[in-house]
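First up is the structure itself, then whatever we jot down about it.
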Amino acid sequence: MPFDDYYGNRSTVDLLIAMMARNRLPHAILLSGPAGIGKYTLAQMLAKSVHCQDREHDFCASCRNCRLIGMADDRIAVTQIAEQERESATRKPREMPLVIQNHPDVVLLPPNGPLRLFQIEQARYLKQALTFLPSAGDKKIFILPDVERMDSAAANSLLKSLEEPPSHVLLLLTTSNDASLLPTIRSRCVSFALSELTREQIMAILEKSGPKESAKDQLLRASLARGCPGRALRLDLESHLRLRDSLMTILEAGAAANNFSLLFTEVRKIAGEKEGLENLLSVLYSLLQDILHLEARSDGEPLRNSDSPKQLLKLAQIIGVDGVKRAAAALNQVERNLRRNIPIQISLEAFAISLAPQRRMSETLELKNS
Amino acid sequence: MEFTVERADFLKELTLSQGVVERKTTIPILSNILLEASEDSLQMTATDLELGIRSKCSAKVKKGGSTTVPAKKLFDYVRQLEDNEIKCKATEAAGSSALQVSCGRSKVRMPGLAKENFPVLPEFPGKLAVLPPAILTQMIKRTAFAISSEESRYTLNAAMMILKPETMTMVATDGHRLAYVETDPVVAKEGYEGVGGELRVLVPKKAMTELQRLLTDNPSEGGIEFGKDDNHLFFRVGTRLLICRMLSGQFPNYEAVMPKANDKIATIEQTSLAAAVRRVSLFSDERSHAIRLHLDNDELKIVSSGSESGESEETMAISYAGGPLQIGFNWQYLLEFLAAADSEKVQMEFKDEQSAGQIRPASEEKLRYRYVVMPMRI
């Protein structure tokens, strides 16, 4: 039974299976949870089990329908291929809706383009395609991953379709940030929140389908994934560690307020890299979190960056609990800056310098006074 | 797969597939055409998942089989060829298939996509009704232009077809005007075989235009066989089959819209009315497209005025005895009807300036054609 291949969130999966068995699936389902938790995987599994030709309680993953739907299992890859195809098919690729439809009754409308946005053309396509009856079977499924990438014009134009689609339609939406959706979208879907997996579950997934690597790396990979199997599988360990190490240097230099030239070189190095910037914030947060754990002498959840405890410990001593608090606030500012397209180099430098203890200033003053 | 076909036959069937092949979305297999050779014929299938067309032509088949190739490329190539005999051969090498086409001294090799990924289209389930091609063509011509292209009211993006034992009806509307055409029971004698009871289906706009293309170049003598399963409509014309996914939803209650008590009747010559409206329209308001008709004592005055373009006025003699009346219309709606009406004289029926006007051909034989237009307040 392939639903057993889905790790974690058992109660949610069981609930969905039960709904399906009684033919009581809601018309619009919103799956929310952090990136890489398996929202799209679950949506694909639902689509397969609705259309499986050989199902008992579940789907077989090997009949024609399951295979056709399964061709889009790797969403990132199929989106890329479709974008290339669109690029070669038309001169105005932005005006052509990106539609991926390997099975006639399962339509994937992923965010696309350089800005990774859900297009208004896709919304139009959806509204029109909704009205056609399914070609076989009794459900037509539309999968809209990452609906937070939809601007308000597209979202508003879908309200009517989301509220009252024709009875043969099943809309599967996923989001990693359901707070940023329009409340009108959220209230029109039945929403299911997926929560993080345990480290053991992630280890089991890595054991089964992860890259071949040493047990130590695997453990590190699992702990860096923060409960999301997709993140664990996709993580480029080497570049991640490189990024982490430079960020650690930056934190240390900033907090100790001693080696600013080293700080600036490292920042420039990070800003020069094209890729991996989206990870930056999460890596920084994970470092801060570990420092907090160390400072609190907590021995519950093991450290995320478990491979370099010594350096972390040193960092923790410099920064301290108060420092973490200030750093988290400053990091929040960096996040906001990123969204406003402020160059990463500037905001990262500002962040690191703001870590420098302010008492230094007063201490120097006192020294002068005395 | 290996076969030989006549260029003319092949080209004719390929032309039909061009309207169906998808260009708007990014599903690669849909821009391909499926070629299947068996016994002594070649079957071609194209689809955009909402509409599909399957047709056949005779071929000398050496070896049966099937493949898919880009439809547009194949069509463009075959159109350019000069010799009459086209040889096709599918080759499989290392998991990728290709089609070799040769004709006289021209030769080409086109890469194909796996046939397994081509959508499976349903088979014709058997006929429910037989429709006479000439009549259906005329009915489509008289209604298709009124189909809405507004996406928010999706049930209006199709025409409603109603089949009864003796008659068939087609209705299309966009909320501002409505075109209704019903066959006279006389047609039943000309090859119309209806259904028992009543059948109402929505035919999407694209299916209507493709059906019309299918009928304009129709080598077979017989009628159109109409079929239906749970999710699809089928129209079979000779060896060609048009398969159309059905639309869901409620078509508006059009009977309530048809005016019942329009007693102010004007009879007007169609071509001169069309010409006059066209001239006046040049000076109408560019956004509203409004023109005004003044009717009084056997005279029709058509007036338009745009804020920038100026004013225009035409008078013509008509037959009218209903008392003075002023009514505004969108000139496009009038012209579209006049172009489709195909009658020497048209009859306009009004009640007052706020009620819908009805226009119809003054004399009719096989078809009862009614066109309802909402007036504009100006």
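Chain letters run A, B, ... following the sequence lines, proteins first, then strands; residues in each count from 1.
Under a cut-off of 6.0 angstrom, the local environment of NZ in A:Lys127 is crowded, with over 12 non-hydrogen atoms contributed by other residues, nucleotides or ligands. The neighbour count for B:Lys205 NZ, taken as heavy atoms of other residues, nucleotides or ligands under 6.0 Å away, is above 12. The 12-atom threshold is exceeded at NZ of A:Lys139, counting heavy atoms of other residues, nucleotides or ligands nearer than 6.0 Å. Crowding of A:Asn23 atom CG: a count of heavy atoms from other residues, nucleotides or ligands under 6.0 Å not exceeding 12. A 6.0 Å sphere centred on CD of B:Glu255 holds more than 12 heavy atoms belonging to other residues, nucleotides or ligands. For A:Asp236, the CG atom is densely surrounded, since the number of other residues' heavy atoms within 6.0 Å is greater than 12. Remark: A:Arg94 CZ is loosely packed, at most 12 non-hydrogen atoms of other residues, nucleotides or ligands lying under 6.0 Å away.
In this structure, no portion of B:Pro122 lies under 4.5 Å from any heavy atom of chain A. When heavy atoms are compared at a cutoff of 4.5 Å, B:Leu49 approaches chain A solely by way of its side chain, counted from C-beta outward. Proximity to chain B is absent for every atom of A:His103, based on heavy atoms less than 4.5 angstrom apart. Proximity to chain B involves both the backbone and the side chain of A:Ala129, based on heavy atoms less than 4.5 angstrom apart. With a 4.5 angstrom heavy-atom cutoff, A:Asp105 touches chain B only via side-chain atoms.
In this structure, B:Asn231 contributes its side chain and A:Leu133 its backbone to no donor-acceptor pair below 3.5 Å. Of the possible polar contacts, none joining the B:Arg245 side chain to the A:Phe132 backbone as a donor-acceptor pair under 3.5 Å is found. Side-chain atoms of A:Arg64 never come within 3.5 Å of backbone atoms of B:Asn117 as a donor-acceptor pair (strictly under, hydrogens ignored).
Among B:Val120, B:Asn157, B:Asp230, the residue making the largest number of heavy-atom pairs under 4.5 Å with chain A is B:Val120. Between chain B and the options A:Ser167, A:Ser157, A:Pro104, heavy-atom pairs under 4.5 Å are most frequent for A:Pro104.
For the atom pair A:Gln128 CD and B:Glu50 CD, the distance stands at 6.0 Å (nearest 0.5 Å). Rounded to the nearest 0.5 Å, atoms CD (A:Glu85) and OG (B:Ser31) are 7.5 Å apart.
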Step-by-step side-chain contact (heavy atoms from CB on, under 4.5 Å) determination, B:Thr155 to A:Thr131:
CA-CA 8 Å; B:Thr155 51; A:Thr131 63; over 6 Å; no
